[in-house]
Undergrad: 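Before anything else, here's the structure in question.
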Amino acid sequence: MRLTRALSGALIVVTLTSCSPSGASEHGLTRSGTAGAAGIGDADFPNDGNGGYDVGHYTLALGYDPATRLLAGTATIDATATENLSSFNLDLRGFTVSSVTVGGRPAKFTRSGDEMTVTADLPKGSTFRAAVTYQGEPKPVRDSSNLGTYGFVPTSDGSFVTSEPNGAKTWFPGNDHPADKATYEFRLTVPDGVTAIANGELAGEPTSKGGKTTFVWRETHPMVSYLATMTTGKFLVKTGDSGGGIPVYAAVDPRYQNQLDRLYEVSARITDYWSSVFGPYPFKSTGGIVDDFASGYALENQTKPIYGGFEPDEGIISHELAHQWFGDSVSISRWKDLWLNEGFATYAEWLWSEHQGQATAQQTFDRHYANTTDPMWNYPPGVAQKNDLFNNSVYYRGAMALHALRVRVGDDAFFKIIRRWATEHRYGNATTEQFISLAEQVSGRKLGDLFDQWLFEKGRPATLG
Ligand code: ARG
Ligand code: ZN
């Protein structure tokens, strides 16, 4: 039987495998469910993420062999239905899926492109566990629109895993959009001698059996999918305490052996300093990874930023660690708000420079402002540029917006706004509108004109704000 139902103005065709006259299913539940949407509702990226459920926890039990480049295992997803569902989607790119279960029972599934549709009757509010067993050679995304190669990237000795914006689907099935945060457990099995690094903290010593070693990592704070990592290979590791009481895990590819002590020391010092500026560090550990894959960028993977094939200087380390507060703990729920991540992390670089007695934030602002022909003046940072998501405007004009705010409201109110932003939305998601209203509330001023000029309108603002 085929039913058509209206959902958010769209006609959805639901195919039921069986149907009794009363509409009751074999489990006695009324079949009132509709198909969960194939996207989570981000207007700029309509297929990213999925609708109809919210993931609470992922357990990723995965093995990777750098020699064969095969990734295999089971992803277990604990989620809650947010609508009455007859099916839901998971994002997954490539791989052979051998089985899917929902609530322990085999479930039917179909695949189309990067979308997998799982048939299951799930009443609104019910919690469910889906398990997907799969294997294959991961295929990272090679993006045409300025994003480079991202997702699970096989390297000569392992893998370099940086998934922003939507590359989590290149290594595990899930709800691949920052609006759906979840906690994670990683059970990663690699050949003996290979180190497997994920987010959060190690749950005990790695165990070895039959030539393979399993590393169990737990990220107990909610995390967006693009920050999850499974970085594997030969690594030199240094662990300890930041000085301010935060455990530190630093790892470098042997090629960057001489960087290990510095990566550890600078990451520790900057984490402690940001804790004094932005408020308590949101996670249980900090650190960093330098791998030998030349991605050309860094990513703020939660608890462990990764630097792709270069020696990170203090500026970029200060940027990626500021993201732990802005982006990782306080996350965006739509890509058009990306300046809340990148503008803040870039402004943090300016603050670090100022703190080091180098250029002040005002001097850095002035330098960018003086460049009257910069293309970013035609690219307001508060609007997503789908084909150039990580454009300079999001970084530099976004940072300039914060500096304009600082000059308008004064240092006391400015740093109070920043700290309250980190506190009030800790571990959650937030929007530009919420930031503007917090800034107005804390400063007691109307700031619409300032944010309009700096975030939303084309053209170089005539004044600081
Ligand atoms: N958030 C990263 C940073 O600012 C940039 C990630 C860019 N992503 C990409 N696929 N190139 O450090
Ligand atoms: Zn950044």
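Note that these values count all heavy atoms, side chains included, but never hydrogens, waters or copies made by symmetry. Both ligands and their constituent atoms are indexed starting at 1 by order of listing.
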Undergrad: Check each of Asp114, Asp48, Asp91, Asp176 against Lys169 using the side-chain hydrogen bond (donor to acceptor under 3.5 Å, both in side chains) test, and report the only one that passes.
TA: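 So the option named by the test is Asp114.
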Undergrad: Looking at Pro280 and Arg426, what are the two nearest heavy atoms and their distance?
TA: CD-NH2, 4.1 Å
Undergrad: Hey, does the Lys NZ or Arg CZ of Lys181 hover above the aromatic six-ring of Tyr427, less than 6.0 Å from the centre and inside 45° of the axis?
TA: no
Undergrad: For the Zn ion (ligand 2), what is the closest N, O or S atom on Glu342?
TA: OE1
Undergrad: Cut-off 3.5 Å, side chains only: do Asn199 and Thr303 have a donor facing an acceptor?
TA: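 Distance-only check fails for Asn199 and Thr303.
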Undergrad: Taking NZ, NE, NH1 and NH2 as the nitrogens, is one of them in Asp449 or Arg408 under 4.0 Å from a carboxylate oxygen of the other?
TA: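 Result for this pair is yes, salt bridge flagged.
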Undergrad: Which residues satisfy the side-chain contact (heavy atoms from CB on, under 4.5 Å) test with Asn47, sequence neighbours excluded?
TA: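 Expected list: Glu115.
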Undergrad: Could you pull out every protein residue that has a heavy atom closer than 4.0 Å to ligand 1, ordered by chain and then number?
TA: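 Correct list: Leu147, Tyr150, Glu164, Tyr297, Ala298, Leu299, Glu300, His319, Glu320, His323, Glu342, Phe390, Tyr395.
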